[in-house]
Number of protein chains: 2
Amino acid sequence: MSERRITMADVARKAGVSSTTASFALAGRTDMRISDAARARVLEAAEELGYRPNVTARSLRTKSTQTIGLVSDRITTTPFAGDVIRGAMEAARERDNLLFITEAGGDSDAESSLVHALLDRQVDALIYASMFTRYVTPPKELFGRRVVLLNCLAPGFAAPSVVPDEVEAGRDAARALLAAGHTEGIWAIGGHQALPATPEGIIAGNERMRGLEEVLREGGARLEGVVECDWGTPDGHREVSALLAQGHRPRALVCLNDRLSFGAYQALGEAGLSVPGDVSVISFDDQDIASVLRPALTTVRLPHYQLGRLAVELTLRSGPLEAVVHRVPMPLQERASVGAPATG
Amino acid sequence: MSERRITMADVARKAGVSSTTASFALAGRTDMRISDAARARVLEAAEELGYRPNVTARSLRTKSTQTIGLVSDRITTTPFAGDVIRGAMEAARERDNLLFITEAGGDSDAESSLVHALLDRQVDALIYASMFTRYVTPPKELFGRRVVLLNCLAPGFAAPSVVPDEVEAGRDAARALLAAGHTEGIWAIGGHQALPATPEGIIAGNERMRGLEEVLREGGARLEGVVECDWGTPDGHREVSALLAQGHRPRALVCLNDRLSFGAYQALGEAGLSVPGDVSVISFDDQDIASVLRPALTTVRLPHYQLGRLAVELTLRSGPLEAVVHRVPMPLQERASVGAPATG
DNA sequence: CCCACTTGCTAATCCGATTTAACAAGCTGG
DNA sequence: CCAGCTTGTTAAATCGGATTAGCAAGTGGG
């Protein structure tokens with residue numbers, strides 16, 4: 001691209017030294033003796049010429065490209081993706097690394113081909129990322145490489161995983177409800193997804209419910225019912241409408257994600273019930289919409305930025321990677337949808 | 001990263017030829033004579049050894065890294081970003097290119113530093129992208145390089161731009177309203193942003209309004225009023241509530257983006273008005289929320305995927321880049337929020 | 001005065017490809 | 001029978017750095 005770049009040879013020539021000296025001076029290495037004068041001349045020449053090292057050439061020798069490859073299923077198409085990528089990018093940038101972002105769309109051939117493309121470019125490490133937390137089987141090209149699993153788990157695959165701490169998130173939701181005084185009329189919408197309806201729910205649903213039930217029980221409260229359904233906005237609308245139509249009068253709704261909450265809001269609104277006056281709503285994810293609903297939604301946030309950041313930080317640590325599961329805390333976003341239970 | 005890779009020298013040795021022959025055979029080049037037998041042996045050896053070329057080494061010689069760098073302001077944090085990136089990635093992938101994604105967060109020092117990092121890695125081209133359509137002044141490091149401007153314009157900077165065709169989008173919105181029979185009681189919410197309230201609106205607002213007014217006029221209709229305001233959900237809610245409170249009874253609302261529409265829905269709902277029975281709503285962007293509102297929102301879609309794709313395709317075309325503005329069509333998403341005007 | 005040891009620097013090699021220049025062997029036509 | 005062409009192949013240079021091995025000049029001790 002465009003005119004010839006200044007090379008180290010140019011710098012060496014201008015400073016009147018060999019390229020060896022220039023290389024050591026520029027790298028700031030002290031394991032070879034260079035006079036202060038020579039060092040200064042090299043640095044000055046580099047400065048004047050606007051010298052920038054050619055990372056491509058360097059990595060041919062050093063085997064390090066300061067580059068990390070990220071392979072995802074369809075991470076760019078989810079509303080969260082941006083934060084994951086941003087977290088990863090910023091962590092990479094702090095250590096002078098750059099990120100190749102790729103997406104395989106769930107196609108395992110595409111996945112292999114992308115991993116190859118990344119490997120051909122000599123990336124220092126690979127991050128294998130999933131749109132939602134789930135179990136995966138990474139492509140065989142990844143075996144034996146420096147890999148971090150982002151938002152997914154692969155038992156038997158020797159690599160660290162970075163996932164949200166869903167169980168604790170469930171506990172936090174329960175604590176928030178208890179703190180507001182709720183002990184009765186609590187319904188969970190979305191359920192465990194034990195018989196997975198929405199793949200997204202397999203891990204999230206189970207773990208959130210586990211933490212929720214655990215703390216509710218300890219707090220002397222309990223779930224009046226659990227509605228098992230898919231996790232879309234229309235599902236929330238339909239199921240909550242049905243619940244009300246059956247004569248139930250919930251005091252608090254734990255929606256397993258924000259889209260369900262939005263559907264629940266629609267159903268409650270149509271039934272003339274107010275949030276949180278008549279019914280409190282708490283949920284998980286903290287999508288954009290959560291803060292814009294009326295009333296703003298109290299929800300336990302998926303820590304996407306932190307997830308991306310930690311995944312990159314792990315790859316950048318020196319030494320081999322340990323196959324440990326890192327659980328990232330999910331902070332509770334307290335807004336306006338949880339209130340004291342309606343009396344009577 | 002991990003064990004030694006197979007090099008071309010290995011392949012040549014196994015095939016019993018020189019690395020020159022191996023190189024030409026693998027590249028499929030015919031400008032040097034190679035016997036069919038030798039060619040076959042090389043290919044077979046490569047296959048058996050699982051040889052993959054080292055792109056880093058190759059590009060040192062060829063000056064082409066098959067890599068494109070994308071620098072954005074804060075593209076990852078917007079709900080649209082995913083599609084832009086996906087379009088860019090897929091276009092790159094089709095031509096065996098990979099994408100470095102970076103984000104400067106609007107900081108021009110960070111921008112320069114990122115461009116350098118990209119240039120140091122010898123990217124073949126750069127894409128300078130903005131979150132929303134606006135005028136930009138690219139960092140000086142970009143001058144003289146192979147650059148495409150994505151979702152932004154920089155008069156005086158010799159590079160092609162790829163932007164949405166906002167004027168035509170405004171025309172389409174007007175046509176949709178006319179087709180449904182609307183000629184009176186049409187209000188625009190969000191306005192021209194001529195005195196920019198929301199930076200996002202500077203170009204989008206002006207051009208959408210221009211197209212809208214043009215076609216409305218030609219169709220014998222006109223705007224009853226234009227509300228100038230910011231472009232967030234609360235603004236839509238507030239302004240439409242105010243409009244109704246003042247006694248106005250709009251038949252159709254043209255909201256300048258989907259967030260405004262969502263706010264308008266909230267206000268209309270609170271006033272007991274139905275969409276589209278009492279009031280039709282049409283808007284721009286087609287964010288995720290548009291299809292999930294009740295009723296689903298008719299909106300003119302921002303072609304993010306196409307934008308990303310075209311930007312990459314331009315960089316991949318051979319020859320110098322022409323400083324042309326490419327306007328990408330914005331398709332109308334007809335859903336359920338536009339109906340015949342209320343009678344009486 | 002000579003040997004050993006610093007000090008300061010450079011020549012040469014390597015990394016893994018691509019590409020240029022050249023060369024050996026076989027064939028053909030005069 | 002030999003010059004000249006074709007055919008098939010390879011040695012060597014190159015890209016831009018990092019690294020290893022080694023060398024010349026100066027210093028100090030005996």
Side-chain angles (χ1 to χ4, degrees), chain A residues 1 3-43 45-46 49-67 96 119-124, chain B residues 1 3-43 45-46 49-67 96 119-124:
Chain A
M1 196 161 88
E3 77 289 351
R4 198 180 76 84
R5 256 173 94 104
I6 300 295
T7 71
M8 205 170 66
D10 298 323
V11 174
R13 197 173 312 119
K14 170 149 189 163
V17 299
S18 71
S19 64
T20 307
T21 303
S23 176
F24 277 79
L26 287 168
R29 289 176 55 167
T30 53
D31 53 338
M32 202 200 65
R33 285 173 282 258
I34 300 177
S35 64
D36 290 346
R39 187 181 301 275
R41 260 181 297 135
V42 169
L43 264 22
L49 295 174
Y51 168 74
R52 304 268 333 175
N54 179 330
V55 175
T56 300
R58 170 188 294 166
S59 55
L60 183 55
R61 186 79 231 256
T62 62
K63 305 291 182 194
S64 159
T65 51
Q66 312 229 77
T67 293
D96 286 316
L119 255 16
D120 292 349
R121 284 171 180 76
Q122 314 294 114
V123 293
D124 294 337
Chain B
M1 193 163 88
E3 76 291 352
R4 199 181 74 85
R5 256 172 93 102
I6 299 295
T7 72
M8 205 170 66
D10 298 324
V11 174
R13 196 173 312 118
K14 170 149 187 165
V17 299
S18 71
S19 65
T20 306
T21 302
S23 175
F24 277 79
L26 287 167
R29 289 177 54 167
T30 53
D31 54 336
M32 201 201 64
R33 285 173 281 259
I34 299 177
S35 64
D36 290 346
R39 187 181 301 275
R41 260 180 299 136
V42 170
L43 264 24
L49 295 173
Y51 168 72
R52 305 265 335 172
N54 180 329
V55 175
T56 299
R58 169 188 293 165
S59 54
L60 182 56
R61 185 77 232 256
T62 62
K63 305 292 182 196
S64 158
T65 51
Q66 312 228 78
T67 293
D96 287 315
L119 254 17
D120 292 349
R121 284 170 180 76
Q122 313 294 114
V123 293
D124 294 336

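Reminder, nothing fancy here: chain letters follow the sequence lines and each chain counts from 1.
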Q. Distance check: side-chain N/O of B/K63 vs OP1/OP2 of D/dG16, anything under 4.0 Å?
A. yes
Q | Gap between atoms CD1 and C1', on A/I6 and D/dG17 respectively (whole Å) | A | 15 Å
Q) Choosing from D/dG17, C/dC9, C/dA17, which nucleotide comes nearest the side chain of A/S35? A) C/dC9
**Q.** Nucleotide D/dG17, atom C1' - distance to CD of B/Q122 in whole Å
**A.** 11 Å
Q.
Can you confirm whether the side chains of B/T20 and B/S23 place a donor and an acceptor under 3.5 Å from each other?
A. no
Q) What about A/T20: does its side chain form a donor-acceptor pair under 3.5 Å with the base of C/dA11? A) yes
Q.
How close do A/S59 and B/T56 get, counting heavy atoms only, and between which atoms?
A. OG-CG2, 3.4 Å
Q.
Without decimals, in angstroms, what is the distance between A/Y51 OH and D/dG16 C1'?
A. 7 Å
Q.
Heavy atoms from C-beta onward define the side chain here; which of D/dT10, C/dT20, D/dT14 lies closest to that of B/F24?
A. C/dT20
**Q.** Sugar-phosphate, base or nothing in reach of B/A38, heavy atoms under 4.0 Å
**A.** sugar-phosphate
(Q) Name the residue from A/D124, A/V123, A/V55 that meets the side-chain contact (heavy atoms from CB on, under 4.5 Å) definition with A/S64. (A) A/D124
Q: Choose from D/dT9, C/dG16, C/dT19 the nucleotide whose nearest atom is closest to any side-chain atom of B/S23.
A: C/dT19
Q | Side-chain N,O (A/T21) to OP1/OP2 (C/dT10) below 4.0 Å | A | yes
Q) When you measure from the side chain of B/R5 to the backbone N and O of A/L119, does any donor-acceptor pair fall under 3.5 Å? A) yes
Q. Think B/T7 has a side-chain N or O under 4.0 angstrom from the OP1 or OP2 of C/dG16?
A. no
Q) Rounded to whole angstrom units, what separation is found between the CG atom of A/N54 and the P atom of D/dA18? A) 10 Å
**Q.** B/R61 CZ to C/dT20 P, straight-line distance once rounded to whole Å
**A.** 7 Å
Q: Tell me what B/R29 touches on the nucleic acid: a base, only sugar-phosphate, or nothing, going by heavy atoms under 4.0 Å.
A: sugar-phosphate
Q: Would you mind reading off the distance between B/I34 atom CD1 and C/dT19 atom P, rounded to a whole angstrom?
A: 13 Å
**Q.** N/O (side chain, A/R33) to phosphate O (OP1/OP2, C/dG8) under 4.0 Å
**A.** no
Q. Below 4.0 angstrom from OP1 or OP2 of D/dA18, is there any side-chain N or O of A/R58?
A. yes
Q.
Any base atoms under 4.0 Å from B/A9, or only sugar-phosphate, or nothing? Heavy atoms, all strands.
A. nothing
Q.
Quick one, B/R121 and B/T67 - any side-chain contact, counting heavy atoms below 4.5 Å?
A. no
(Q) Expressed as a whole number of angstroms, how long is the span from B/D31:CG to C/dT20:P? (A) 9 Å
Q) What does A/V17 touch in the nucleic acid at a heavy-atom separation under 4.0 angstrom: a base, only the sugar-phosphate, or nothing? A) sugar-phosphate
Q: Taking the side chain as every heavy atom from C-beta outward, state whether A/D120 and B/Q66 have any atom pair closer than 4.5 Å.
A: no
Q: Please state how far atom CE in A/M32 lies from atom P in D/dT20, giving the value in whole angstrom units.
A: 12 Å
Q: Give B/M8 one of three labels, base, sugar-phosphate or nothing, depending on what nucleic acid heavy atoms sit under 4.0 Å from its own.
A: base
Q) Counting only side-chain N and O atoms of B/T62, is one of them less than 4.0 Å from OP1 or OP2 of C/dT18? A) no
Q: Tell me whether the OP1 or OP2 atom of C/dA17 has a side-chain N or O from B/S19 closer than 4.0 Å.
A: no
